[in-house]
K.L.:
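Pasting in a structure now, in structure tokens, and then I'll have a few things to ask.
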Amino acid sequence: MSDKILVINAGSSSIKFQLFNILSSKPEFQILAKGLVERIGIKDSRVSIELIQNNSFIKYDKQIDVQDHAFGAKLIIEQLQLYSVISNFDEIVGIGHRLVHGGEKFKTSTIINQAAENAIIKSVSLAPLHNPAALKGYNAFKALNPKIKHVAVFDTSFHMTLPEEKYLYSTPYQWYQKYQVRKYGFHGISYRYILEKLAAILKKDEKKINAVVCHLGNGASICAIKDGQSFNTTMGLTPLDGLIMGTRSGVVDPSIHQYICEITKNTSDAQTIASVTDILNKESGLLGISGVSSDIRDVTAAKEDENHPKHHLASLAIKMFCQRIANYIIQYSNDLDNKVDALVFTAGIGENGVLIRKWVLEEIKILSLKLNSKANEEKYDDYVLISDLSSVFPIYKIRTNEEIIICHDTYELLNKK
Ligand code: ADP
């Protein structure tokens, strides 16, 4: 049996996993299984596992009471053994964990030793929604098998190259010095994958690539990559900033908090700073504007159906969503002196949203970007060039793969002499 690497993405009520075989010392990795434990600590929790067979995945899933992450981790290992993906735990030589926030401390991925664990715990105040969940995942697997090495791969690390004028807010400089208030940026693991992919597609040295990458999933951001490094990005201190997302507002006037708290004071709808932040994270964005759904497929369907009761609001939500993306694409092209090797659409909406890509590009008026509608609609596994030759720069849809980057970093750090 060859050595394997387990990649873990633990959320507050879920643990996603992928298991990779290490094929050679080059290294090359082959996915063996992936799955999810969901609704941890909530009614109707379940575990699912998808096994690769004849180049496609076969899914098995079952309902089971999962009280906490510790049991979730145990369940994952049991499922891998039950379906004979591993015969024993020791075949897993390393576990790579996705961590949303590494603060300024983690400019690269790291082996999780006591010092790293302490620093991650310290960064919890910067990512109170995300980092504690990842730590729960780490502790759960550590308890199951204390011998295994763990690696943390951060969404923020890629953006540690942002120049000062991009990462600073126009707030008192002391806030940065005393409280680390700055733009961190997220989705860096996905941007790294796209950058590697672009280097292969364009046959160009990664360090020379300039690109505008739109990672449009439930959470969405854009990154300007200059000479192979993050130069600007839309998310900020937290993932709430920037684009309009499924349920997140993206950028708003920071006075909204105080105004809402004041105006609702002494009413049945009284709000606090914490509740407004919660609404901006969970009840805003596409869902908040349209009142239809946080899933852009539902919002698009309501926009396309003139008889839908929320047709107008759904159309408005999509228009606002696309316009904001378009404006950042223009701004970031300017950041890159208009020398853009590629504009990329990736993640759930970016990869699959045929109409969204079209509508985003229609909102861009000062750059001559030309979509090839046949290529835009084409089915694909990996990537497709979706622009015409006459386009001012090439446009691609590329399927991202964050897990392979985590697997790669885990392997590299485990084998570092
Ligand atoms: P995250 O990882 O942030 O949860 P994903 O990258 O998986 O998000 O993207 C999820 C989103 O992708 C869904 O909410 C949905 O809006 C969108 N999506 C999935 N399939 C399609 C499709 N065929 N067309 C448009 N959007 C899609």
Side-chain angles (χ1 to χ4, degrees), residues 7-18 34-36 38-39 48 50 57 98-101 127 129-130 133-134 153 155 185-194 213-223 233-235 238-250 281-305 314-315 317-318 320-322 324-325 344-361 373 376-381 383-384 386 397-406:
V7 170
I8 294 296
N9 184 354
S12 56
S13 65
S14 70
I15 309 177
K16 287 187 194 145
F17 67 94
Q18 288 197 8
K34 61 180 179 179
L36 170 70
E38 55 190 324
R39 302 182 62 83
S48 60
E50 292 181 58
F57 283 101
R98 183 205 186 143
L99 267 112
V100 168
H101 216 312
L129 298 176
H130 296 99
V153 182
D155 267 311
F186 299 87
H187 294 135
I189 305 171
S190 173
Y191 293 129
R192 274 181 59 198
Y193 177 83
I194 297 295
V213 183
C214 306
H215 176 110
L216 310 177
N218 251 326
S221 71
I222 304 187
C223 182
T233 193
T234 56
M235 282 179 169
T238 73
L240 181 56
D241 205 357
L243 298 178
I244 293 170
M245 306 175 221
T247 59
R248 292 184 211 145
S249 63
N281 271 299
K282 298 182 187 151
E283 294 173 39
S284 300
L286 292 171
L287 173 68
I289 304 161
S290 71
V292 174
S293 164
S294 62
D295 191 316
I296 205 157
R297 287 168 289 193
D298 303 332
V299 188
T300 303
K303 167 182 155 70
E304 295 294 85
D305 174 6
S315 310
I318 298 274
M320 290 165 70
F321 177 84
C322 294
R324 196 169 297 176
I325 297 168
V344 178
F345 288 93
T346 192
I349 302 171
E351 290 167 18
N352 305 305
V354 174
L355 287 171
I356 301 298
R357 289 190 297 259
K358 175 172 168 285
W359 290 330
V360 166
L361 293 167
S373 47
N376 186 37
E377 288 167 27
E378 202 176 294
K379 287 205 162 41
Y380 70 116
D381 287 327
Y383 74 93
V384 178
I386 57 169
K397 53 181 180 186
I398 303 180
R399 298 211 182 269
T400 194
N401 189 342
E402 290 155 291
E403 289 78 13
I404 201 82
I405 295 283
I406 300 174

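Note that these values count all heavy atoms, side chains included, but never hydrogens, waters or copies made by symmetry. Counting starts at 1 for both ligands and their atoms, in listed order.
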K.L.:
The test is side-chain contact (heavy atoms from CB on, under 4.5 Å); show your working for Cys214 and Ile222 and say whether it passes.
P.N.:
CA-CA 4 Å; Cys214 306; Ile222 304 187; 3.9 Å; yes
K.L.:
Can you find a side-chain donor-acceptor pair between Asn352 and Arg357 that sits under 3.5 Å?
P.N.:
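Absent: no donor and acceptor within the cut-off.
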K.L.:
Mind jotting down which protein residues get a heavy-atom contact under 4.0 Å with ligand 1? Chain and number order, please.
P.N.:
Gly217, Asn218, Gly219, Asp295, Ile296, Arg297, Ala347, Gly348, Ile349, Asn352, Gly353
K.L.:
If I take atom CG from residue Asn9 and atom OG from residue Ser14, how far apart are they, to the nearest 0.5 angstrom?
P.N.:
7.0 Å
K.L.:
Could I get the full list of salt bridge (charged side-chain N to carboxylate O under 4.0 Å, His left out) partners for Glu402, not counting sequence neighbours?
P.N.:
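Glu402 satisfies salt bridge (charged side-chain N to carboxylate O under 4.0 Å, His left out) with Arg98 once adjacent residues are dropped.
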K.L.:
CZ of Phe345 to CG of Asn376: how many Å apart, nearest 0.5 Å?
P.N.:
8.5 Å
K.L.:
Measuring only between side-chain heavy atoms, which start at C-beta, is Leu355 closer than 4.5 Å to Glu304?
P.N.:
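A side-chain contact exists here, since the closest heavy-atom pair is under 4.5 Å.
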